[in-house]
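Below: one structure, written as structure tokens.
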Amino acid sequence: MANQTADFYFYLLPFGNDGGKNIILFTIFLLCYMICLIWNTTIITLIYTNSHLHKPMYFFLRNLSLVDICYSSVTVPKLLDIFLRGDTSISFSHCFVQFFFFTALACTEIFLLTVMAYDRYVAICQSLHYPPICQSLHYPLLMKQNACILFVLVSWVSGCSNSLFITIIASKISFCNSKVIDQLYCDIKPMLKISCGNTVTIEVTVYLETFFVGFCPFLCIILSYFKIISNVLRMKSKGKRYKTFSTCTSHLTIIIIFYGTIFFVYTMPSTANFKTIDQIFSSLFLAVIPSLNPLVYSLRNKDIKIAFKRYFCNLSNVDCFLKGENSKNKIEE
């Protein structure tokens, strides 16, 4: 295969597109992509410029928004080109570069979501073991800036390392007859479908990687939230229970959407009957979820809402006064 890579092309088949233009799909994906860029860039800017959001929770959210921008940008522009020009071809090298970066960014997002679950666990569960006067001091001591930076660096390095390993394995696949990747982007699942020869070793390796990189972090997230919910339910004050758990609802919502979509994309049978459903969930994974993440945090988070109001008031040079803001601008941990 290595001798053929210079002139070897794959052909992507998004929603059965075999070379025709599709302005409707182009418009839909372009709109989702623009929303993703605008929302996530706004979140990054808000967190960076607003001193009240310089907390671990929002530091991880800022990195999550960056990952969402990147992994959407790795795949969606090629889709837009296919829908606009009708050219479904993608070179071997371009396909595997796309595969590497998409896998790296998706894995990094998984690790970041796991770190964010741990952050909520530390903020809620660990602090409860200390007297109320010490609780506000304990969380910053455990989640120092250096520790947060280290968590993010480990997430990026782990995601890229895992992706490099999988990409090297995928590049060993032999493609004999079909060059059609029946998916929106280059991925290991449709590649294995059109491969020839014995791919058992590759498939076992991919399943093991999926278990360790996908399922194990998910178990860590479930364990974190099990501890969180157990501690919240033991609180005597109903108001305090609601207030404490509300700080987790945004992250929990994103976890459910993200992992739910991954589950459908990678466990759906590779048959003609499920092809359309598979690509619909893939499009959610590529374009819709990166747009939803900042929206979910914006709608469910009081501090993000306040930061939005401040930001747009400053842009419009309007003297805005948020009632009670000065007394409520501490981040809810």
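With 3.5 Å as the limit, one finds a donor-acceptor pair spanning the side chains of Q183 and S282. No hydrogens or angles considered: nothing links the side chains of H94 and Y9 as a donor-acceptor pair under 3.5 Å.
Here the side chain of Y259 pairs no donor or acceptor atom with the backbone of F215 at under 3.5 angstrom. The backbone N or O of I168 lies less than 3.5 Å from a partner atom in the side chain of S171, making a donor-acceptor pair. Without hydrogens or angle criteria, D119 side chain to V115 main chain gives no donor-acceptor distance under 3.5 Å. Although no hydrogens or angles enter the test, the distance criterion places no donor-acceptor pair under 3.5 Å between the side chain of D81 and the main chain of P77. Remark: the backbone N or O of I47 is paired with a side-chain donor or acceptor of H54 at under 3.5 angstrom. At distances below 3.5 Å, at least one donor-acceptor pair connects side-chain atoms of S291 with backbone N or O atoms of C32.
Among T103, T75, D187, the one residue that satisfies the side-chain contact (heavy atoms from CB on, under 4.5 Å) test with Q98 is T75. For the side-chain contact (heavy atoms from CB on, under 4.5 Å) with I38, the lone residue among T42, N40, T41 that qualifies is T42.
A heavy-atom distance below 4.5 Å is found between the side chains of I90 and C186. Contact annotation: the side chain of I254 approaches that of L113 to within less than 4.5 Å [non-hydrogen atoms, C-beta and beyond]. Counting heavy atoms from C-beta outward, Y118 and F151 have side chains that approach closer than 4.5 Å. Residues F165 and T205 meet the side-chain proximity criterion, which asks for heavy atoms closer than 4.5 Å. Residues F60 and V152 have side chains in contact (heavy-atom distance under 4.5 Å, counting atoms from C-beta outward). Contact annotation: the side chain of V213 approaches that of F111 to within less than 4.5 Å [non-hydrogen atoms, C-beta and beyond]. A 4.5 Å side-chain heavy-atom check between L12 and K78 finds at least one atom pair inside the cut-off. Two residues are said to be in side-chain contact when any heavy atoms from C-beta on lie closer than 4.5 Å; C95 and I181 meet this criterion.
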### Task
Check step by step if side-chain contact (heavy atoms from CB on, under 4.5 Å) holds for K179 and I194.
CA-CA 7 Å; K179 299 179 182 179; I194 62 173; 5.7 Å; no
### Message
Could you go through Y33 and S73, starting from their C-alpha distance and side-chain angles, then the distance that decides it, and tell me whether this counts as side-chain hydrogen bond (donor to acceptor under 3.5 Å, both in side chains)?
### Response
CA-CA 8 Å; Y33 184 52; S73 298; 2.8 Å; yes
### Worked verdict on F263 versus F281 for ring-ring contact (aromatic ring centres under 6.0 Å, His included)
CA-CA 10 Å; F263 176 80; F281 276 99; 9.7 Å; no
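Counting heavy-atom neighbours within 6.0 Å of F26 CZ, excluding the residue itself, gives a total above 12. Around atom CG of L153, more than 12 heavy atoms belonging to other residues, nucleotides or ligands sit under 6.0 Å away. The number of heavy atoms from other shown groups lying within 6.0 Å of CD (Q145) does not exceed 12.
Within the 6.0 Å centre-distance limit, the rings of F102 and F285 are counted as a close aromatic pair.
The two residues Q279 and L13 come nearest to each other via the heavy atoms NE2-O, 3.1 Å. The two residues Y225 and A117 come nearest to each other via the heavy atoms CE1-CB, 4.1 Å. Between T253 and T249, the shortest heavy-atom contact is OG1-O, 2.7 Å. Looking at every heavy atom in both residues, V67 comes nearest to L112 through CG2-CD1, 3.7 Å. Scanning both residues, L66 and I44, for their nearest heavy atoms gives N-CD1, 3.8 Å. Considering all non-hydrogen atoms of both residues, T108 and G159 come closest at OG1-CA, 3.7 Å.
C160 has its SG atom 2.5 Å or further from the SG atom of C107.
Hydrophobic clustering, with ILVMFWY side chains joined whenever heavy atoms are under 4.5 angstrom apart, groups F211 together with L219. When hydrophobic clusters are built by joining Ile, Leu, Val, Met, Phe, Trp and Tyr residues whose side-chain heavy atoms come closer than 4.5 Å, directly or via intermediates, F29 is grouped together with L31. In the hydrophobic cluster analysis, where Ile, Leu, Val, Met, Phe, Trp and Tyr join through side-chain heavy atoms closer than 4.5 angstrom, I149 is grouped together with L61.
The aromatic rings of F99 and F96 sit perpendicular to each other, their planes meeting at more than 60°, with 30° as the lower class boundary.
For D87 and R85, the salt-bridge test passes: some basic side-chain N is under 4.0 Å from an acidic carboxylate O.
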